[in-house]
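Keep in mind it's a predicted model, so treat the numbers as computed, not measured.
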Amino acid sequence: MKKFMYNSDFRLPASDIYLRKAGQMTANYQKRLSNLRHILEHQQLEALLVSRPENVFYISGFSGGEGQLLVTQQESYLFADGRYKEQALQEASHCEFILYKRYFTKALAEVTESQGIGEIGFEKDFITYRQWEMLQDAVAGELLPVQDLVEKLRLVKDESEIDLIREAGVITASAFRYLLGEIHPGQSEQQVAGILEYYMRSHGSGHLAFETIAASGERGALPHGSATEKKIKAG
């Protein structure tokens, strides 16, 4: 079991945020797939094209950011180009990987035709009009707009997600305590943001959910103030 020492009096619980047992995580993704299939059955939907990166990751474990996931009652197909082949095979081994060279719509059309899929739900809050046109041109089946199917699943956190949230809180609290001892007049807001981000990343954090907010003086009134080169003043 691995422990991280943040400072002399603060320890992270003895589990690493991202180095989970492969079997446990695969079981989590398979359970999420099963839950999604129940929703598809209730919606009387043959297949769902998952395009939003956060939803693709939630269902498959693939974190590449540019994958497309097709889920049916029997199979799950992860589409990605050659840049993500090895990553997809490692992170989403429970999905069938489909490599495409230029446009994933061609590969999608081949899969749906071979599997006899007559209708495909797509995430209408994420797919652009241009992407919809490309899907319409490539796929013979009917395209059906759907909303929040995966998001509804994501509302209820499983044990592994609760663990991650708890550990993220520990990292954040420790990073803030560290930062309080590192801030001094003459530093820029950018430098302060950099110290915080480096500390979090070097102590187990993944990518940040949003841009780090660092605003000093009169800029402190900005609730989402982006860090600038403004120098921090005493007092």
Side-chain angles (χ1 to χ4, degrees), residues 2 4 12-13 15-37 39 47-72 75-105 107-108 111 121-123 125-128 131 146 148-172 175 196-212:
K2 185 177 181 181
F4 286 115
L12 181 69
S15 57
D16 185 326
I17 287 187
Y18 293 102
L19 300 179
R20 302 293 185 178
K21 292 181 179 180
Q24 175 190 348
M25 292 310 299
T26 297
N28 287 341
Y29 295 128
Q30 288 175 337
K31 183 176 181 180
R32 293 170 187 177
L33 267 172
S34 178
N35 291 338
L36 179 58
R37 284 173 174 140
I39 292 178
L48 174 66
L49 179 64
V50 184
S51 301
R52 187 184 295 274
E54 296 85 355
N55 292 345
V56 172
F57 173 73
Y58 178 81
I59 296 296
S60 71
F62 175 66
S63 62
E66 292 189 27
Q68 302 273 347
L69 183 68
L70 181 70
V71 178
T72 72
E75 303 290 343
S76 56
Y77 304 92
L78 178 60
F79 299 83
D81 63 42
R83 295 172 298 169
Y84 300 104
K85 179 180 178 181
E86 294 304 320
Q87 183 178 353
L89 292 174
Q90 291 175 16
E91 294 181 340
S93 59
H94 57 290
C95 299
E96 182 173 343
F97 176 68
I98 307 293
L99 176 69
Y100 68 87
K101 291 186 177 180
R102 190 170 183 182
Y103 299 114
F104 99 93
T105 49
L108 176 67
V111 170
F122 67 93
E123 297 174 309
D125 288 337
F126 186 78
I127 292 290
T128 66
Q131 290 170 328
V146 299
D148 293 341
L149 296 192
V150 179
E151 283 80 357
K152 288 177 181 177
L153 291 176
R154 289 171 55 193
L155 286 174
V156 181
K157 306 304 180 186
D158 58 34
E159 248 183 72
S160 64
E161 290 177 291
I162 293 172
D163 285 344
L164 293 175
I165 292 169
R166 184 180 294 114
E167 293 182 14
V170 170
I171 291 175
T172 302
L196 181 65
E197 291 173 8
Y198 177 78
Y199 189 90
M200 293 176 70
R201 291 298 294 265
S202 62
H203 288 81
S205 173
H207 65 80
L208 304 182
F210 51 84
E211 182 182 359
T212 298

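- Residues Thr72 and Ala47 share a closest heavy-atom pair of CG2-CB, 3.8 Å.
- Side-chain contact between Cys95 and Leu69 is present, with heavy atoms from C-beta onward closer than 4.5 Å.
- The shortest side-chain heavy-atom distance between Leu208 and Glu197 falls under the 4.5 Å cut-off.
- Looking only at atom types and distance, the side chain of Ser63 has a donor-acceptor partner in the side chain of Gln87 under 3.5 Å away.
- Once rounded to the nearest 0.5 Å, the distance linking CG of Asn35 with NZ of Lys152 reads 14.0 Å.
- The two residues Tyr84 and Gly64 make their nearest non-hydrogen contact at CE2-O, 3.4 Å.
- With values rounded to the nearest 0.5 angstrom, Ile165 atom CD1 is found 11.0 Å from Glu167 atom CD.
- For Thr172 (side chain) and Ala168 (main-chain N/O), a donor-acceptor pair under 3.5 Å exists by modelled atom type.
- Interatomic distance, CD of Gln68 versus CD1 of Ile127, reported as 5.5 Å (0.5 Å rounding).
- A donor-acceptor pair is defined here as one N or O able to donate and one able to accept, closer than 3.5 Å; such a pair exists between the side chain of Glu123 and the backbone of Ser51.
- Note: Tyr77 and Phe79 have tilted aromatic rings, judged against thresholds of 30 and 60 degrees for the angle between ring planes.
- Considering all non-hydrogen atoms of both residues, Leu153 and Arg32 come closest at CD1-O, 4.1 Å.
- Nearest heavy-atom pair, Val56 versus Gly67, reported as atom, atom and distance to 0.1 Å: CG2-O, 3.8 Å.
- Atom CD of residue Gln90 and atom CZ of residue Phe97 lie 11.5 Å apart, to the nearest 0.5 angstrom.
- Considering only heavy atoms from C-beta on, Asn55 comes within 4.5 Å of Arg154 through its side chain.
- When all heavy atoms of Ala92 and Leu78 are compared, the pair lying nearest together is CB-CD2, 3.8 Å.
- Panel note: side chain Glu75, backbone Glu96; no donor-acceptor pair is recorded below 3.5 Å.
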* Applying side-chain contact (heavy atoms from CB on, under 4.5 Å), run through Arg52 and Tyr58 and close with a yes or a no. => CA-CA 10 Å; Arg52 187 184 295 274; Tyr58 178 81; over 6 Å; no

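- Distance CD1/Ile171 to OG/Ser205: 5.5 Å, rounded to 0.5 Å.
- Counting heavy atoms from C-beta outward, Leu48 and Ile39 have side chains that stay 4.5 Å or more apart.
- A heavy-atom distance below 4.5 Å is found between the side chains of Leu196 and Met200.
- In this structure, Lys157 places its NZ atom where more than 12 heavy-atom neighbours from other residues, nucleotides or ligands lie under 6.0 Å away.
- Test Leu108, Val71, Val146 against Leu49 for side chain to side chain contact (heavy atoms under 4.5 Å, CB included) and you get one pass: Leu108.
- Within a 6.0 Å radius of CZ in Phe126, other residues, nucleotides and ligands contribute more than 12 heavy atoms.
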* To do: Could you walk me through whether Asp148 and Asp125 pass side-chain contact (heavy atoms from CB on, under 4.5 Å), step by step?
  => CA-CA 8 Å; Asp148 293 341; Asp125 288 337; 4.2 Å; yes

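- Under the 30°/60° scheme for interplanar angles, the aromatic rings of Tyr29 and Phe57 are found to stand perpendicular.
- The backbone N or O of Tyr199 sits less than 3.5 Å from a side-chain atom of Ser202, completing a donor-acceptor pair.
- Contact record, Gly82 with Leu99: N-CD1, 3.3 Å, taken as the closest heavy-atom pair.
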